[in-house]
Amino acid sequence: MLLYWAVMVYIFKMAVDSGNVAVLLMPVDHEQNTCGMYNGQGKDFTSCKNLYFNDPLGDPKSRICVETCPHTQLDIVCHCGSCGTHSNNTAWGTPETSKTPGVVPISDIVTWTRAKQQMDARPDDFTMNLLPGSRIQLPDVNGEEVGGYCIPSGNVTELIMETLGKDDALTGSLKDGFTHRWPIIYGIITAVMVGFIFLYFVAWFTKPLAYLILIVTVVASFLIFVLSLYEGQRVPWIFPDAVGAYINAKGPRTLEDLADNQLYIDISTGFWAFIFVVSFVVLAAMRQRLAIAIGVVEESSRALVGMPTLLLVPIGSLLTMLLLLPFIGVGIGAVISLRQWENGGWVYPDEVKAMLAVYAFGSIWLYTFIDALQFTALAGAVCDWYFCMDKSKRQGGVDAATTLFRSYLRLVRYHLGSIAFGSFVVAVVKSIKWILAYISAQVQAQFPGNMAVK
């Protein structure tokens, strides 16, 4: 495993020295040209680092790489290279014709007029900055360069970003998450605190809490089952008239609604009937096994109360994974950036594919290894606490505080090889699983709708 990690470090260094991770983060135009770099076949976009949306409200996927964002409504935006700042000079365009490279402003009347003539003759090379198109009147379209994107300022910005968010589910999710970031943060903190309180509560009230949950599950599933029967008009007489009128007032009860939703209501009825039967059988026929399971949960909860340092283990594992994330992400990105542009598309040489496979598998193995470390350490500490500790020191004290430390010492001395090998086996199985999932997705994409393939 250490030898494999050494190979990963070597690949990381070689890929970072030879590749360019920043390329993967640069904007891409509608022809899949990366802004700010040479894309092959004479497409030198090294000076065009900004992405401009031709018509963000009408066609958000239509976008071009530009040198500078436009600032007024009648600016003419030159597609990368069309303003004469590159090898393919136009007759009218030179780098000195405008103070803003890549944009012909309305203030330069003569140049702008000639550019307008060129724009009418060559619509693929020039765009007039009537954001968003000519669909609405805009009092302010001053452009701002934000992270390589031309974002118009003024009252249209929110409308454009909202439309882009609807067009792209990921953009919309990120925007919603940022908008509601504080309620989300407060909710996470509250959930963690409630979780810790619940753990301590379970330690002392495991048995009544477990039976209460089972009884509530049985009763609630039975009531929902009966309500689903009534909603599906399978047994309309099941409730008195007064109760039935109240239920009808709370939901759709027209015949049209029932016809559209009959199948879903019947499926819901069957589901809750299954839950009711299973929970009732567990409660009634498996009381002895249930008591054993509750005893195990009760004892393990008390172990956590007696050794609160166990809570540090998953936190430490998470911090370790986060610290390794740059090494994993940057390494994979650097390897991918070694691809080559040929015949209008990206090509991955065999050595790049091999490096990517080695690095990706090593990343899976590494994270699986960290997971296995925390599980083994926790299991060893709980076993030590249950079998070996002085009963009088179970609830705190020096003995309880050092139990986790002793567990890690045993792990390193006796079990590190087993964990390394076991995590390797799990990583192999995970890799095979993802490869088969990829193959399955590719095959289904080639034969859409084929039931045999599905």
Looking at every non-hydrogen atom in both residues, tell me the closest pair between A420 and M1 and how far apart they are. CB-SD, 3.8 Å

Would I364 and W434 count as a side-chain contact (heavy atoms from CB on, under 4.5 Å) if you check the C-alpha gap in whole Å, the side-chain angles of each, and the deciding distance to 0.1 Å? CA-CA 11 Å; I364 299 172; W434 290 338; 3.2 Å; yes

Answer yes or no: does atom CG of L322 have more than 12 heavy-atom neighbours from other residues, nucleotides or ligands under 6.0 Å? yes

Less than 4.5 Å apart, side chain to side chain, heavy atoms only: is that true for L223 and W272? no

I'd like to check I224 versus S228 (side-chain heavy atoms, cut-off strictly below 4.5 Å). Are they in contact? yes

Sequence neighbours excluded, the answer for side chain to side chain donor-acceptor pair (under 3.5 Å) partners of K207 is none

Hey, does L338 have a side-chain heavy atom less than 4.5 Å from the side chain of E351? no

Strictly distance-based, threshold 3.5 Å: is any side-chain N or O of Y4 a donor or acceptor partner for the main-chain N or O of V358? yes

Looking at OG1 of T402 and CZ of F405, how far apart are the two atoms once the value is rounded to the nearest 0.5 Å? 9.0 Å

What's the shortest heavy-atom distance between V16 and A334, and which atoms? N-CB, 3.9 Å

Gap separating the SG atom of C48 from the CG atom of D29, nearest 0.5 angstrom: 10.0 Å

How far does CE of M8 sit from CG of L3, to the nearest 0.5 angstrom? 12.5 Å

Evaluate the side-chain proximity of I370 to L324: yes if any heavy-atom separation is below 4.5 Å, no if none is. yes

Under the ring pair (Phe, Tyr, Trp, His ring centres under 6.0 Å) rule, what pairs show up with a residue in residues 290-309, not counting sequence neighbours? none

Partners passing side chain to side chain contact (heavy atoms under 4.5 Å, CB included) against L356 (at least two apart in sequence or in another chain): I332, V335, I336

Heavy-atom pair of closest approach, residues I294 and Y211: CD1-CE1, 3.8 Å

How far apart are the closest heavy atoms of A377 and Y408, and which atoms are they? CB-CZ, 3.5 Å

If only atom types and distance count, is the side chain of W365 paired as donor or acceptor with the main-chain N or O of A360 below 3.5 Å? no

Just wondering, do F369 and L416 contact through their side chains at under 4.5 Å, heavy atoms? yes

Listing request: all side chain to side chain donor-acceptor pair (under 3.5 Å) pairs with a residue in residues 318-328, at least two apart in sequence or in separate chains. none

I need the M355 CE to S18 OG distance, nearest 0.5 Å. 7.5 Å

Applying side chain to side chain donor-acceptor pair (under 3.5 Å), which residue pairs with at least one partner in residues 436-447 are found, sequence neighbours left out? S440-Q444

Restricting to non-hydrogen atoms, name the atom on L51 and the atom on R63 that form the minimum distance, rounded to 0.1 Å. CD2-CD, 3.5 Å

Which pair of non-hydrogen atoms, one from W385 and one from T403, has the smallest distance, and what is that distance? N-CG2, 4.2 Å

Less than 4.5 Å apart, any side-chain heavy atom of L310 and any of M307? yes

Sorted by first residue and then second, give each side chain to side chain donor-acceptor pair (under 3.5 Å) pair with at least one member in residues 366-378; sequence neighbours left out. S317-Q374, D371-Q374

Out of curiosity, R181 CZ to Y186 OH, how far, rounded to the nearest 0.5 Å? 10.0 Å

Ring pair (Phe, Tyr, Trp, His ring centres under 6.0 Å) pairs touching residues 303-340, sequence neighbours excluded, are F12-F327, F327-Y359

Pairing residues for A273 by the side chain to side chain contact (heavy atoms under 4.5 Å, CB included) criterion, not counting sequence neighbours: F225

Any pair counted as salt bridge (charged side-chain N to carboxylate O under 4.0 Å, His left out), so long as it reaches residues 407-426, sequence neighbours left out: D384-R410

For residues 274-291, which side-chain N or O atoms pair as donor and acceptor with protein atoms under 3.5 Å away, sequence neighbours left out?
from : atom 1 : to   : atom 2 : distance (Å)
S279 : OG     : I275 : O      : 2.7
S279 : OG     : F276 : O      : 3.1

Counting C-beta onward and ignoring hydrogens, is there a side-chain heavy-atom pair between I328 and L366 closer than 4.5 Å? yes

Should the heavy atoms of other residues, nucleotides or ligands under 6.0 Å from CZ of F361 be counted, would the total exceed 12? yes

Partner set under ring pair (Phe, Tyr, Trp, His ring centres under 6.0 Å) for F205, not counting sequence neighbours: F201

Any chance the SG atoms on C65 and C35 come in under 2.5 Å? yes

By side chain to side chain contact (heavy atoms under 4.5 Å, CB included) - contacts of I189 (at least two apart): I185, M193

